[in-house]
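Atoms considered below: every heavy atom in the structure, side chains included; atoms not considered: hydrogens, waters and symmetry mates.
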Amino acid sequence: MELNERAELDTSQANDLGRGSGGGGGGMGIPIPGGGGRGGIIGIVVAVLIALLGGGFGLNAMTNGDEGGQAGGGDLEQACGTANPDRLDDARCRNLLFVNSIQAYWQKEYPELGNGKYEPTDTNFFQAAVNTGCGQADSGVGPFYCPADKFVYIDLSFYDELATRFGAKGEFAQPYVLAHEYGHHVQDLLGTNAKAGQGDQSGPRSASVRLELQADCYAGAWAKHATESKDKTGREPLFKSITEADISQAVDTAEAIGDDSIQERSGGKVNPDQFTHGTSEQRKRWFTKGYEGGDPKNCDTFGTDQL
Ligand SMILES: [Zn+2]
C-alpha cells in the first residue's frame with residue numbers, strides 16, 4: 001500500500017479527543033445516559049449496547065494500553081494539513097486518509113442501494129476511555145460504531161493489540177477495521193441495524209452475526225474500489241497503490257478475529273451459542289465476497305442460508 005503524499009486530506013472527517021473523558025478536541029457535548037461514572041455499570045452497559053448494535057470487534061478480553069501519555073487531543077487540521085510535509089508519518093493522518101477514502105466510496109455507492117444520499121460521519125480518535133452517545137467506553141471494547149451519535153470510535157493503540165495479540169500484522173489491517181465500522185454506519189443509514197436489533201443477538205445464525213459479516217463484506221467492496229477514491233480537491237487519488245499482499249492482510253485480519261479463534265485464544269471451548277461476529281472462515285469469506293464482486297449488493301447476509 002502506498003499513500004499519495006500529494007493528497008489533500010479532509011480534516012473535518014475525524015477528531016482527536018485525546019485521553020480520558022472525551023470532548024477535548026471537538027466540544028461534542030454528548031449526553032451520557034445514566035451519569036458519568038467511569039467504568040463500572042456504565043462500562044458494562046455500553047459494552048452490551050455496542051455488542052447489540054453491531055459495533056466493536058468483540059474483543060472484550062483485551063486490556064487497556066498503559067496509563068502513561070498525555071491528556072488532551074490534537075488539532076488534526078494542523079497535523080494533517082498539506083502545510084505539514086510529514087503528515088503521513090502521523091498515524092492519525094494516515095487513518096484520516098483511510099476514512100476519507102471509505103466515505104468517498106460510500107458517497108458514490110450508497111445511492112445505488114436505493115435509500116437516498118449517504119450522510120458522512122466522523123471518526124473520533126481517543127485514548128483509554130471516551131464518553132459517547134452510547135455511554136462511556138474504554139479501549140477494551142475495541143473500535144466501535146455508536147448508532148446513537150453516529151460516530152466511529154477508535155483508540156489507535158488497538159492496531160498494536162491486533163498485531164501482538166492476534167497476529168494480524170500489516171498496515172492494511174487498519175483501513176479494513178475502519179471500513180468495517182463504516183459498514184455499520186451504512187447499515188444504520190439503511191435501517192438494517194434497527195431491524196437486526198429485533199433479532200437474536202448471539203448464536204451462529206443470529207442477526208448480530210449477519211450484521212457483522214455484512215460489515216466485513218462492505219469493507220471488501222470498499223477495498224476493491226479504494227484506489228479510485230479521490231482527495232478533497234477531487235483531483236489526487238488518496239492511494240497510489242494497493243497490492244494483493246495488502247488485501248491478504250485484510251483477509252488475515254478478518255480471520256484472526258473470528259469468534260471461534262478468539263474463544264480458542266482466550267483458552268475456552270468454542271461455543272457457537274455465543275457467536276456474535278461470525279467464525280474466522282465466515283469473516284474471511286464475506287470480506288472476500290465483497291472484494292471480488294466489488295458490489296455491496298452482494299452482501300445480503302440476511303437473505304441467505306449460506307452464511
Ligand atoms: Zn462490527
Taking all heavy atoms of [X] and all of [Y], pick out the closest pair and write down the distance.
| X | Y | result |
| --- | --- | --- |
| Glu228 | Lys224 | OE2-O, 4.4 Å |
| Pro237 | Asn4 | O-ND2, 2.8 Å |
| Leu307 | Thr301 | CD2-O, 3.5 Å |
| Lys169 | Ala163 | NZ-O, 4.0 Å |
| Ser139 | Asp155 | OG-OD2, 2.6 Å |
| Asp138 | Phe126 | C-CE1, 4.3 Å |

Indicate whether the side chain of [X] and that of [Y] have a donor and an acceptor atom separated by less than 3.5 Å.
| X | Y | result |
| --- | --- | --- |
| Tyr145 | Asn193 | no |
| Ser280 | Ser261 | yes |
| Ser157 | Asp160 | no |
| Asp149 | Tyr153 | yes |

With clusters defined by side-chain heavy atoms of hydrophobic residues (ILVMFWY) lying less than 4.5 Å apart, directly or transitively, does [Y] cluster with [X]?
| X | Y | value |
| --- | --- | --- |
| Leu213 | Leu113 | no |
| Val186 | Val177 | yes |
| Leu76 | Val99 | yes |
| Val270 | Val209 | yes |
| Leu9 | Val152 | yes |

Of all residues at least two apart in sequence or in a different chain, which pass the side-chain contact (heavy atoms from CB on, under 4.5 Å) check with [X]?
| X | result |
| --- | --- |
| Asn271 | Gln263, Asp273, Gln274 |
| Ala104 | Ser229 |
| Ser241 | Glu2 |

Does the pair Glu264 and Lys269 meet the rule for a side-chain contact (heavy atoms from CB on, under 4.5 Å), with working shown? CA-CA 6 Å; Glu264 268 172 15; Lys269 260 195 345 216; over 6 Å; no

Looking at [Y], is its backbone amide N or carbonyl O close enough to the side chain of [X] to form a donor-acceptor pair, meaning the two atoms are under 3.5 Å apart?
| X | Y | value |
| --- | --- | --- |
| Arg265 | Asp260 | no |
| Asp259 | Gly278 | yes |
| Asn84 | Ala79 | yes |
| Asp188 | His184 | no |
| Gln214 | Phe302 | no |
| Asn15 | Asn124 | no |

Sorted by chain and residue number, the ring-ring contact (aromatic ring centres under 6.0 Å, His included) partners of Tyr182 (sequence neighbours excluded) come out as none

ring-ring contact (aromatic ring centres under 6.0 Å, His included) filter on Phe275, not counting sequence neighbours, yields none

So salt bridge (Lys or Arg N to Asp or Glu O under 4.0 Å) across residues 80-103, not counting sequence neighbours, yields Asp16-Arg92, Asp90-Arg92, Arg94-Glu171

Here the salt bridge (Lys or Arg N to Asp or Glu O under 4.0 Å) pairs for residues 108-129, sequence neighbours left out, are none

Sorted by chain and number, sequence neighbours left out, salt bridge (Lys or Arg N to Asp or Glu O under 4.0 Å) with Glu292 holds for none

Sequence neighbours excluded, the answer for salt bridge (Lys or Arg N to Asp or Glu O under 4.0 Å) partners of Glu281 is Arg285

TODO: Go through the steps to decide whether Ile154 and Tyr159 satisfy the test side-chain contact (heavy atoms from CB on, under 4.5 Å), and finish with yes or no.
DONE: CA-CA 10 Å; Ile154 185 167; Tyr159 298 132; 3.3 Å; yes

**Request:** Measure the acute angle between the ring planes of Tyr218 and Trp106, then classify it against the limits of 30° and 60° as parallel, tilted or perpendicular.
**Result:** perpendicular

- Task: Begin from the C-alpha positions of Ile262 and Phe166 and carry the test side-chain contact (heavy atoms from CB on, under 4.5 Å) through to its verdict.
- Result: CA-CA 8 Å; Ile262 289 174; Phe166 296 90; 3.9 Å; yes

Can you tell if the side chain of [X] reaches within under 4.5 Å of the side chain of [Y], non-hydrogen atoms only?
| X | Y | result |
| --- | --- | --- |
| Asp305 | Arg205 | yes |
| Phe172 | Ile247 | yes |
| Asp252 | Tyr176 | no |
| Met1 | Thr243 | no |
| Asn95 | Leu178 | yes |
| Gln187 | Leu211 | yes |

Verify side chain to side chain donor-acceptor pair (under 3.5 Å) between Gln282 and His277, making sure each step is shown before the conclusion. CA-CA 9 Å; Gln282 287 174 317; His277 286 66; over 6 Å; no

Residue pairs meeting disulfide bond (SG atoms under 2.5 Å apart), one or both in residues 185-230, sequence neighbours left out, come to Cys217-Cys299

Quick note, disulfide bond (SG atoms under 2.5 Å apart) partners involving residues 237-287, not counting sequence neighbours, are none

Residues 5-14 vs side-chain hydrogen bond (donor to acceptor under 3.5 Å, both in side chains), sequence neighbours excluded, gives Glu5-Lys240, Arg6-Glu236, Asp10-Ser12, Asp10-Gln13, Gln13-Asn100, Gln13-Gln103

Rounding to 0.5 Å, atoms CZ (Arg210) and NZ (Lys195) come to a distance of 13.0 Å

What about the rings of Tyr291 and Trp222, do their centers lie closer together than 6.0 Å? no

> Is the centre of the Tyr118 ring less than 6.0 Å from the centre of the His185 ring?
Replying inline: yes

Quick one, Phe151 with Thr123, criterion side-chain contact (heavy atoms from CB on, under 4.5 Å). Give me CA distance, side-chain angles, the key distance, then yes/no. CA-CA 6 Å; Phe151 291 128; Thr123 288; over 6 Å; no

